[in-house]
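Notes follow once the structure below has been shown.
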2 protein chains.
Amino acid sequence: MKLAAVDIRQAASAADIVYDALRKAIVEGDLAEGENLRQDQIAQMFNTSRIPVREALSRLEQHGLITTERYKGAVVAGLSIEEIDEIFEFRALVEAEVIRLAVPNLDHDTLAAARGYCEEFGQETDSARWGEINRRFHYSLYAASQRPYYLQIVRTSLDRIDRYLRAQLTLTNGMMRAKREHEAILAACLNRDAGLASRLTRDHVLDAGRSLVAFLKDQRA
Amino acid sequence: MKLAAVDIRQAASAADIVYDALRKAIVEGDLAEGENLRQDQIAQMFNTSRIPVREALSRLEQHGLITTERYKGAVVAGLSIEEIDEIFEFRALVEAEVIRLAVPNLDHDTLAAARGYCEEFGQETDSARWGEINRRFHYSLYAASQRPYYLQIVRTSLDRIDRYLRAQLTLTNGMMRAKREHEAILAACLNRDAGLASRLTRDHVLDAGRSLVAFLKDQRA
DNA sequence: CCATTGTATATTGGATCCAATATTTCTATC
DNA sequence: GATAGAAATATTGGATCCAATATACAATGG
């Protein structure tokens with residue numbers, strides 16, 4: 001007897017589903033900073049009990065995406081200007097290193113994919129999608145570094161500030177500058193110039209951070 | 001009426017207590033790699049139910065300290081040589097930067113404390129304490145960087161590999177080399193030479209990583 | 001009318017119970 | 001004695017219930 005290979009994917013637990021959904025909603029900015037997250041309410045939304053919800057919230061708290069207080073509940077975490085600044089500084093350090101490690105491993109398909117995202121970013125008219133395409137562009141290159149631990153850290157760092165970044169990209173048209181910088185990074189990768197790609201990535205992240213901090217300072221004043 | 005101020009510290013939840021205790025046990029190597037962690041058994045040890053235990057295990061899994069499988073349970077996570085190597089490489093990058101940022105902020109008290117840990121490390125005869133003192137020495141300096149996010153990342157990175165490092169320090173007398181390197185780092189800090197302190201820290205971490213990887217390759221062969 | 005106190009409600013953390021499934025042990029058969 | 005199948009056991013994930021406490025609001029007294 002011959003059976004077709006079936007992708008029996010282990011059904012994710014309810015806690016995993018809730019975690020993924022809430023993480024996505026927070027990272028993409030669908031849940032506003034300071035918004036209350038009631039266990040009961042979330043449990044009803046997912047047709048489950050509060051137990052898996054609590055587990056999901058506990059994980060989110062570990063990653064700094066929410067804060068919880070006993071008898072009061074969870075709220076989407078807000079970051080101070082200083083915290084945002086620090087995370088950008090950190091990202092610049094790590095992502096510059098990741099791209100430096102990635103460049104020697106970039107193959108044709110990876111570069112083609114990155115070029116695709118780069119162009120898609122420039123042509124996309126729906127500003128809500130810029131953040132997502134931006135992520136894909138960078139990650140498509142970073143993946144070649146073959147450093148899963150670095151990438152996990154980069155992901156959690158980006159998670160913390162992505163919703164601010166998306167708002168800034170949309171509201172200030174910082175997207176035009178990002179587009180030019182992406183093209184420069186991609187060109188350096190195509191030339192196999194790891195040092196240049198690294199420096200450009202560092203500056204790209206720091207620039208984005210500076211723009212965002214300026215934007216937020218203005219907005220919060 | 002005059003009352004003395006009382007430090008009513010918020011009692012930690014059971015989940016927090018279990019999490020801290022298990023984390024400590026894993027990081028310090030009291031729980032061996034691959035060891036089974038049964039929810040029921042842990043719950044009994046802490047005189048609580050499985051609910052807070054599950055929450056603690058879920059958090060530990062997020063940090064990569066354990067892996068869980070449905071109907072099978074949790075086991076203390078083991079790391080491959082490649083994973084250990086990557087974490088040391090990452091630590092070298094981040095800790096070198098942290099110390100560079102810390103040096104300009106080092107004040108007299110901090111340096112005195114670091115010197116104290118440095119000497120304590122050299123004089124301690126109980127090898128089980130070397131890992132702890134090593135941590136304290138580095139952290140006492142790192143704290144001056146005033147980068148809480150960096151430090152949180154450093155902590156989770158060190159958590160992953162600390163038990164291997166402690167075993168290696170103890171079994172191969174790599175402690176002597178560590179002692180010399182600590183003294184050099186401390187001297188650079190006293191001289192306010194941020195660049196040198198950074199390079200020495202980088203080399204210190206990479207050296208430790210190389211020694212450990214060599215040790216583990218031998219041990220696992 | 002305002003401040004204070006008591007009560008009702010909302011909400012979390014934890015305990016106990018139930019369902020699902022992996023593993024182990026036992027039994028019957030060859 | 002070895003092996004296949006069935007039953008028992010172990011173990012997790014989730015649902016429901018209970019205890020503790022913060023908040024909101026009404027009642028009361030000045």
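Keep in mind it's a predicted model, so treat the numbers as computed, not measured. Residue numbers start from 1 in every chain, and the chains themselves are labelled A, B, ... in the order their sequence lines are given, proteins ahead of strands.
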Base, sugar-phosphate, or nothing for B:L37, non-hydrogen atoms under 4.0 angstrom? sugar-phosphate

Between [N] atom [atom2] and [X] atom [atom1], what is the distance in whole Å?
X: A:D16; N: D:dG14; atom1: CG; atom2: C1'; result: 13 Å
X: B:R38; N: C:dT23; atom1: CZ; atom2: P; result: 11 Å
X: B:E69; N: C:dT21; atom1: CD; atom2: P; result: 15 Å
X: B:I66; N: D:dT12; atom1: CD1; atom2: P; result: 11 Å
X: B:R70; N: C:dA20; atom1: CZ; atom2: P; result: 10 Å
X: A:E55; N: D:dA15; atom1: CD; atom2: C1'; result: 14 Å
X: B:I51; N: D:dA19; atom1: CD1; atom2: C1'; result: 15 Å
X: B:D40; N: C:dG14; atom1: CG; atom2: P; result: 17 Å

Donor-acceptor pair present, B:R50 side chain and D:dG13 base, under 3.5 Å: yes

For [N], does either OP1 or OP2 sit under 4.0 Å from a side-chain N or O belonging to [X]?
X: A:T48; N: D:dA15; result: yes
X: A:K72; N: D:dT23; result: yes
X: B:Q39; N: D:dG13; result: yes

What orientation do B:F121 and B:W130 show, parallel under 30°, tilted 30 to 60°, or perpendicular over 60°?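 Taking B:W130 first and then B:F121, their aromatic rings sit tilted (interplane angle of 30° to 60°).
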
When the ring planes of B:H63 and B:Y19 are compared, do they come out parallel, tilted or perpendicular, using 30° and 60° as the limits?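 B:H63 vs B:Y19 ring planes: tilted.
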
Measure from the side chain of [X], starting at C-beta and using heavy atoms only, and say which of [options] lies closest.
X: B:Y71; options: C:dA10, C:dA20, C:dA15; value: C:dA20
X: B:R54; options: C:dT16, D:dG14, C:dG13; value: D:dG14
X: A:A15; options: D:dT21, D:dG14, C:dA20; value: D:dG14

Answer yes when A:R155 and A:D162 have at least one side-chain N-carboxylate O distance shorter than 4.0 Å, and no when they do not. no

Pair B:D16 + B:R23, salt bridge at N-O below 4.0 Å: no

For a quick test of reading the model, state the closest non-hydrogen atom pair linking A:I66 to A:L57 and the distance between them. CD1-O, 3.3 Å

